[in-house]
There are 2 protein chains.
Amino acid sequence: MQITRAAEYGVLGLTALARRPLGEVVMIDTLCAEEDIPRSFLGKILQSLNRAGIVRSARGSGGGFCLAKEPSEISALEIIEAIEGPISLQRCLDEDLGCEHSTGCALCSLLAVAQDRVKDVFRTTSLSDLTGRHIPNGLVRQARDRHRESESTPPVEAADTVTSTWTIN
Amino acid sequence: MQITRAAEYGVLGLTALARRPLGEVVMIDTLCAEEDIPRSFLGKILQSLNRAGIVRSARGSGGGFCLAKEPSEISALEIIEAIEGPISLQRCLDEDLGCEHSTGCALCSLLAVAQDRVKDVFRTTSLSDLTGRHIPNGLVRQARDRHRESESTPPVEAADTVTSTWTIN
DNA sequence: CTCAAACCGGACTGAAATGATCCGGAAAAG
DNA sequence: CTTTTCCGGATCATTTCAGTCCGGTTTGAG
Ligand code: FES
Ligand code: FES
């Protein structure tokens, strides 16, 4: 009943991309450093997102990844399903072969409803909804390190001034 | 992102109990036959449900299980959480230690909303809601077998129609 | 043209969760 | 005292998860 780490990392990695101007190409290493994600794992995940048309990749020197569309055009559902495959709360809801338990199964009906609710939440949340309020620890640490390194440089805007609360209508 | 088989079997087993008058004691074997569930697995699951106060067990000959409350008083959420533990769509929502990613994490907020929706659906569905339209394959097969048998042999007093007359206090 | 930078993608691995079984033990009925 | 039935801990096989590795391919710079 849990989202996988791959999906978690995927969403987080994309917020890092979405924090930049659309089209800016960023290397995996940069994204990993910002979001504290194992590098080779994020590589794999970005491959899936590339195949799904959510990011675009560029090889060779100067290469990396950028978003393929506006963050507001990318739903959390797209992202998660690109990584984990279709969301399904139960094997019987997987759209291929029915279950052995019963023809008009009450359990399946219940789980189908729950599954729809989840997908609704994910579908109606875009990447841009996720980007604003999220300040990854990786970035915070980088800012701190920069500050400690040269006392002359003023610190970046404090992370804890962000106070927005979550609402989904 | 899936419910476990244990939870699935648990709900199904309880619908089998709920199909009977409250307080009727049924053996594991009977439930397994009706719902097509591996016997020793259902045994384990019923232990959890017993500890959670959803069913009551009776040992010794004539023993078995019965519901501890009215089916309308048992929510799907209760059942599932008794078996799987608290529902959580992500480790950061597990109510103990926060996550390493970020203090005001957007992903967690999103998943918290989705999780609430799921729990709402489960909470507002009772066992009696599930019982009505569910006709397990096990029962269907038993009916078919009885019918086929009675074509060749005179009808015998069906053993499984005998209802015990006592209840667990 | 050559080389280094960067992603591609399949094979692989260790660890954990899942699905299920087994068996000795305890309680209740007869 | 014996049978029946559940208890509960140990055990086990399989699958999934989380993550790594490495040779291959593409690209750009010099
Ligand atoms: S049909 Fe498979 S559990 Fe409902
Ligand atoms: S704090 Fe853990 S993913 Fe949000």
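Lettering of chains follows the sequences in order, A, B, ..., and the numbering in each one begins at 1. Only this structure's heavy atoms are used, side chains among them; waters, hydrogens and symmetry mates stay out.
The one candidate from B:Thr4, B:Val118, B:Ile3 that meets the side chain to side chain contact (heavy atoms under 4.5 Å, CB included) condition with B:Ile80 is B:Ile3.
At whole-Å resolution of the value, CG in B:Leu42 and P in C:dT21 are 11 Å apart. The nearest whole Å value for the distance from the CG atom in A:Leu46 to the P atom in C:dC8 is 8 Å. The distance from atom CZ of A:Phe41 to atom P of C:dG9 is 17 Å, rounded to the nearest whole Å. Atom pair B:Gln47:CD and D:dT5:C1' shows a separation of 12 Å (rounding to whole Å applied). In this structure, CD1 of A:Ile83 is placed 13 Å from P of D:dG19, rounded to the nearest angstrom. B:Glu8 has its CD atom 11 Å from the C1' atom of C:dG19, to the nearest Å. Straight-line distance from the CZ atom of B:Arg91 to the P atom of D:dC17: 15 Å, rounded to whole Å. Rounded to whole Å, atom C1' of D:dA18 lies 8 Å from atom CZ of A:Arg5.
Donor-acceptor pairing under 3.5 Å, judged by distance alone, is present between the side chain of B:Lys44 and the base of D:dG9.
In terms of phosphate contacts, A:Asn50 brings a side-chain nitrogen or oxygen within less than 4.0 Å of OP1 or OP2 of C:dC8. Between B:Arg39 and D:dC6 there is a side-chain polar atom (N or O) within less than 4.0 angstrom of OP1 or OP2. Distances shorter than 4.0 Å separate some side-chain N or O of B:Tyr9 from OP1 or OP2 on C:dA20. OP1 or OP2 of C:dG9 lies within a sub-4.0 Å distance of a side-chain N or O belonging to A:Arg51. Listed pair A:Ser61 / C:dA5 fails the phosphate criterion, with no side-chain N or O lying under 4.0 Å from OP1 or OP2. Under 4.0 angstrom from either OP1 or OP2 of C:dC8 there lies at least one side-chain N or O belonging to A:Ser57.
Here A:Gly43 lies out of heavy-atom contact (under 4.0 Å) with every strand. Using a 4.0 Å heavy-atom criterion, one finds that B:Ile28 contacts the sugar-phosphate atoms exclusively. Residue B:Thr4 is in sugar-phosphate contact alone, with no base atom involved, counting any heavy-atom pair closer than 4.0 Å across all strands shown.
Between the side chain of B:Thr125 and the main chain of B:Val121, a donor-acceptor pair closer than 3.5 Å is present. In this structure, A:Gln90 contributes its side chain and A:Cys92 its backbone to a donor-acceptor pair below 3.5 Å.
Checked by atom type, the side-chain pair B:Glu73/B:Ser126 shows no donor-acceptor distance below 3.5 Å.
Nearest-nucleotide mapping onto DNA chain C: of B:Gly60 and A:Arg59, the residue sitting toward the 5' end is A:Arg59. Toward the 5′ end of DNA chain D lies the nearest nucleotide of A:Ile3, the other residue of the pair A:Ile3 and A:Ala58 mapping further downstream.
Salt bridge absent: B:Arg5 and B:Glu84 never bring a charged side-chain N and a carboxylate O closer than 4.0 Å.
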